[in-house]
Colleague: 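Take a look at the following structure, please.
Just follow the structure's listing: the first ligand is 1, and inside any ligand the first atom is 1. What you see is a predicted model; the values in this text were computed from it and never measured.
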Amino acid sequence: MGNEKIFAANWKLYKNPQQTRDFFASFLPLIEKNNQNAGTHGSSSATSTKKIIFFPPAVNFEATGQALKNQTSIQWGAQNCWIQKEGAFTGETSVQTVKDLGGSWILVGHSERRKLFSETLEWTGQKVKLSLELGLSPMLCIGETLEERQAGRTDEINFQQLKAGLSQITPDLKNKTLAIAYEPVWAIGTGQVATPEQVKSAHAQIKKFLTQLGFSENTPVLYGGSVKPENAKELLAIPNVDGFLVGGASLEPQSFMKIIC
Ligand code: PGA
């Protein structure tokens with residue numbers, strides 16, 4: 001991945017198809033304008049050197065796929081999937097459908113899925129595996145709760161979730177693209193961003209764990225949890241921070257754009 005930075009937007013349960021189209025109608029010209037400016041000024045802030053990923057709610061897959069079909073550095077994916085690609089699984093999202101509509105990522109193990117929808121460690125491993133098998137890239141979310149941090153268990157929890165999420169990847173799938181999003185649960189949607197020291201330490205450990213588990217240390221590790229235009233620059237300068245997973249601040253084109261540039 002080298003120096004490529006990834007900026008991922010987790011829209012959670014926000015926006016309908018029209019609002020999705022409106023978002024991209026504003027956002028894509030901002031990206032184009034930025035790239036033109038960067039080109040004329042020889043600046044390194046061209047978004048073409050960055051990867052942008054949107055995770056819209058499932059009802060917006062089609063609108064998102066349509067809006068992004070001619071984009072090369074902007075991709076999209078699902079916020080969740082089921083462990084099988086089809087069957088009697090009422091209310092679930094199929095990896096195959098995401099693929100058919102042009103999506104390329106699956107978010108796995110977001111803390112809201114783990115906590116509110118009882119996502120198990122076992123499922124995260126199965127979802128990562130199925131995504132890779134069908135040619136999509138998983139973005140595995142990991143991170144500790146406040147009680148776990150206060151009990152000094154941050155690294156232990158990160159290792160446990162990382163290990164379970166990656167445990168079912170077979171050797172033939174090991175060199176496929178995947179990403180990790182470190183999101184301390186207490187920093188999500190709270191406005192309470194982790195300190196640079198906390199982020200630095202967690203990311204360094206996660207990179208170490210990745211190599212222990214047989215994965216490349218170049219596997220991107222994104223930070224998530226109250227990332228805003230005001231704190232993005234400082235966070236992105238921290239070693240081993242390869243980008244962001246952004247919730248609230250990605251819902252508005254200008255705000256997300258400020259985080260990217
Ligand atoms: P937040 O959400 O940026 O609103 O804290 C991040 C996430 O849940 O991925």
Side-chain angles (χ1 to χ4, degrees), residues 5-15 19-20 23 27 50-58 60-61 64 74-81 93 98 103-119 124 127-128 131 137-146 148-149 154 157-158 161-162 165 178-196 198-199 202-203 206 219-236 238 241-261:
K5 300 288 185 193
I6 300 176
F7 299 87
N10 176 11
W11 282 356
K12 310 193 179 190
L13 200 50
Y14 292 102
K15 296 193 192 296
Q19 290 164 333
T20 298
F23 177 95
F27 182 76
K50 301 167 183 180
K51 189 181 279 174
I52 302 168
I53 307 169
F54 286 91
F55 292 103
N60 298 332
F61 287 169
T64 304
I74 311 182
Q75 303 175 333
W76 67 273
Q79 297 169 12
N80 178 42
C81 69
T93 300
V98 178
S104 31
W105 288 83
I106 305 283
L107 206 58
V108 175
H110 189 280
S111 69
E112 285 151 19
R113 300 290 326 165
R114 293 183 196 260
K115 181 163 179 254
L116 303 173
F117 303 98
S118 308
E119 174 116 324
T124 62
K127 291 176 181 190
V128 164
S131 305
S137 301
M139 182 180 288
L140 174 68
C141 303
I142 62 172
E144 82 288 355
T145 62
L146 188 58
E148 287 161 350
R149 171 164 287 274
T154 298
I157 296 296
N158 282 338
Q161 295 182 351
L162 202 57
L178 62 87
I180 308 299
Y182 168 60
E183 300 200 300
V185 179
W186 47 273
I188 296 177
T190 58
Q192 195 191 342
V193 66
T195 66
Q198 289 170 328
V199 176
H203 280 241
I206 292 165
T219 305
V221 180
L222 317 189
Y223 169 78
S226 298
V227 175
K228 305 273 178 257
E230 301 76 48
N231 57 29
K233 207 165 181 238
E234 185 184 16
L235 289 165
L236 201 60
I238 298 170
V241 172
D242 300 310
F244 299 130
L245 180 57
V246 187
S250 72
L251 290 167
E252 201 272 309
Q254 294 277 359
S255 154
F256 192 40
M257 195 63 200
K258 281 188 202 145
I259 291 174
I260 296 166
C261 293

Colleague: Identify, for atom 3 (O) of ligand 1, the protein heavy atom at the shortest distance, and state residue, atom and that distance.
Modeller: Gly247 N, 2.8 Å
Colleague: So, do Phe23 and Phe54 have ring centers that fall under 6.0 Å from each other?
Modeller: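 Yes, they do, as the ring centres are separated by less than 6.0 Å.
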Colleague: Could you find the nearest protein heavy atom to atom 9 (O) of ligand 1 and give me its residue, atom name and distance?
Modeller: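 I find the closest protein heavy atom is Glu183 OE2, 2.6 Å.
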Colleague: Mind checking whether Asn10 contacts ligand 1 via backbone (N, CA, C, O), side chain (CB onward), both or neither, at a 4.0 Å heavy-atom cut-off?
Modeller: side chain
Colleague: I'd like to check which ligand 1 atoms, numbered from 1 as shown, lie under 4.0 Å from a non-hydrogen atom of Gly225.
Modeller: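 Near Gly225, meaning under 4.0 Å from one of its heavy atoms, ligand 1 has 5 (O).
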Colleague: Return yes when atom CG of Leu116 has more than 12 non-hydrogen atoms of other residues, nucleotides or ligands closer than 6.0 Å, and no otherwise.
Modeller: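 Yes, because the 6.0 Å sphere around CG of Leu116 holds more than 12 heavy atoms from other groups.
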Colleague: Would you check the N or O atoms of Thr190, main chain and side chain alike, for any that come under 3.5 Å of an N or O of ligand 1?
Modeller: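 No; the residue has no nitrogen or oxygen that sits under 3.5 Å from a nitrogen or oxygen of the ligand.
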Colleague: Minimum heavy-atom separation for Pro57 to Lys15, with atom names?
Modeller: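 The answer is CG-O, 4.1 Å.
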Colleague: Using a plain distance cutoff, I'd like to know if Gly189 has any nitrogen or oxygen under 3.5 Å from a nitrogen or oxygen of ligand 1.
Modeller: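 Checking ligand 1 against Gly189, an N or O pair does fall under 3.5 Å apart.
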Colleague: CG/Asn80 to CD1/Ile106 distance, rounded to the nearest 0.5 angstrom?
Modeller: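 Here the interatomic distance stands at 8.5 Å.
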Colleague: Against heavy atoms of Lys12, which atoms of ligand 1 measure under 4.0 Å?
Modeller: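 Numbered from 1, ligand 1 contributes 2 (O), 7 (C), 8 (O).
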Colleague: At the 4.0 Å heavy-atom cut-off, does Ala187 count as touching ligand 1?
Modeller: yes
Colleague: Quick check for you: to the nearest 0.5 Å, what is the distance between Ser255 atom OG and Glu230 atom CD?
Modeller: 8.0 Å
Colleague: Only heavy atoms of Leu245, strictly under 4.0 Å: list the atoms of ligand 1 that pass.
Modeller: 9 (O)
Colleague: Between Gln192 and Trp186, do the side chains contain an N or O donor and an N or O acceptor separated by less than 3.5 Å?
Modeller: no
Colleague: Which atoms of ligand 1 are found less than 4.0 Å from any heavy atom of His110?
Modeller: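 With His110 as reference, the close atoms of ligand 1 come out as 7 (C), 8 (O), 9 (O).
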Colleague: Any idea which heavy atoms bring Thr219 and Asp242 closest together, and the distance?
Modeller: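 It is O-OD2, 3.9 Å.
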Colleague: Just wondering, are more than 12 heavy atoms of other shown residues or ligands nearer than 6.0 Å to CD in Glu234?
Modeller: no
Colleague: Quick one: which ligand 1 atoms are inside 4.0 Å of a heavy atom on Gly248?
Modeller: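 Per the distance check, 1 (P), 3 (O), 4 (O).
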Colleague: Looking at ligand 1, does any of its N/O atoms fall within less than 3.5 Å of an N/O of Ser226?
Modeller: yes
